[in-house]
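A short worksheet on the structure shown next.
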Amino acid sequence: MEKSISLNDLNLFINVVQAGSLTKVSENLSIPMATISRRLTQLEESIGEHLLNRSTRSVSLTTLGQMYFDQCINPLTECVMTVKHLNDSHYQLSGTIKVTVPSNLTHK
């Protein structure tokens, strides 16, 4: 049975690559470091390969990680932007508003 890949974990991976640091992502997203590390490990287990070389001070992409990042960045960014656009349009008013007022309600 094939393991599924969480889009949230993929988004987290992309955030880590762009920030270059688990600490920065932890601070920016208010997610504990242990959670970030666990979710990245789950993503790597789903793929079956390491995507990141992690040490206490740095994060770097493996060769496969670079290829994966390059292939995933644009589709995931488009997906996130589409969801944001849908959420924004869901909460905005649209359409025509008709107002009826008595004709003697004018100021002179």
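Position 1 is the first residue of the sequence, and the numbers go up from there.
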Hey, what do you get for CE (Met33) to CZ (Arg38), rounding to the nearest 0.5 Å?
-> 13.5 Å
Under 3.5 Å donor-acceptor pairs involving side-chain atoms of residues 67-81, not counting sequence neighbours:
unit_1 : atom_1 : unit_2 : atom_2 : d
Asp70  : OD1    : Gln66  : NE2    : 2.9
Asp70  : OD2    : Gln66  : NE2    : 3.4
Thr77  : OG1    : Ile73  : O      : 2.6

Pairwise side-chain contact, Ile47 with Ile5, heavy-atom cut-off 4.5 Å (strictly under) = yes
Tell me, please, which residues at least two apart from Ser30 pass side chain to side chain donor-acceptor pair (under 3.5 Å).
-> none
By salt bridge (charged side-chain N to carboxylate O under 4.0 Å, His left out), Arg54 pairs with (sequence neighbours left out) Glu44
How long is the gap from CG on Leu61 to CG on Leu52, to the nearest 0.5 Å?
-> 5.5 Å
Heavy-atom closest pair, residues Ser46 and Ser4 | OG-O, 3.2 Å
Output for pair (Leu51 CG, Thr63 OG1), nearest 0.5 Å, gives 11.5 Å
Sequence neighbours excluded and cut-off under 3.5 Å, please list the side-chain donor-acceptor pairs for residues 6-23, or say none.
unit_1 : atom_1 : unit_2 : atom_2 : d
Ser6   : OG     : Asn8   : N      : 3.2
Ser6   : OG     : Asp9   : N      : 3.2
Asp9   : OD1    : Arg39  : NE     : 2.7
Asp9   : OD1    : Arg39  : NH2    : 3.4
Asn15  : ND2    : Asn11  : O      : 2.8
Ser21  : OG     : Thr23  : N      : 3.1
Ser21  : OG     : Lys24  : N      : 3.2

Can you tell me how far the CG atom of Leu64 sits from the CD atom of Glu49, to the nearest 0.5 Å?
-> 6.0 Å
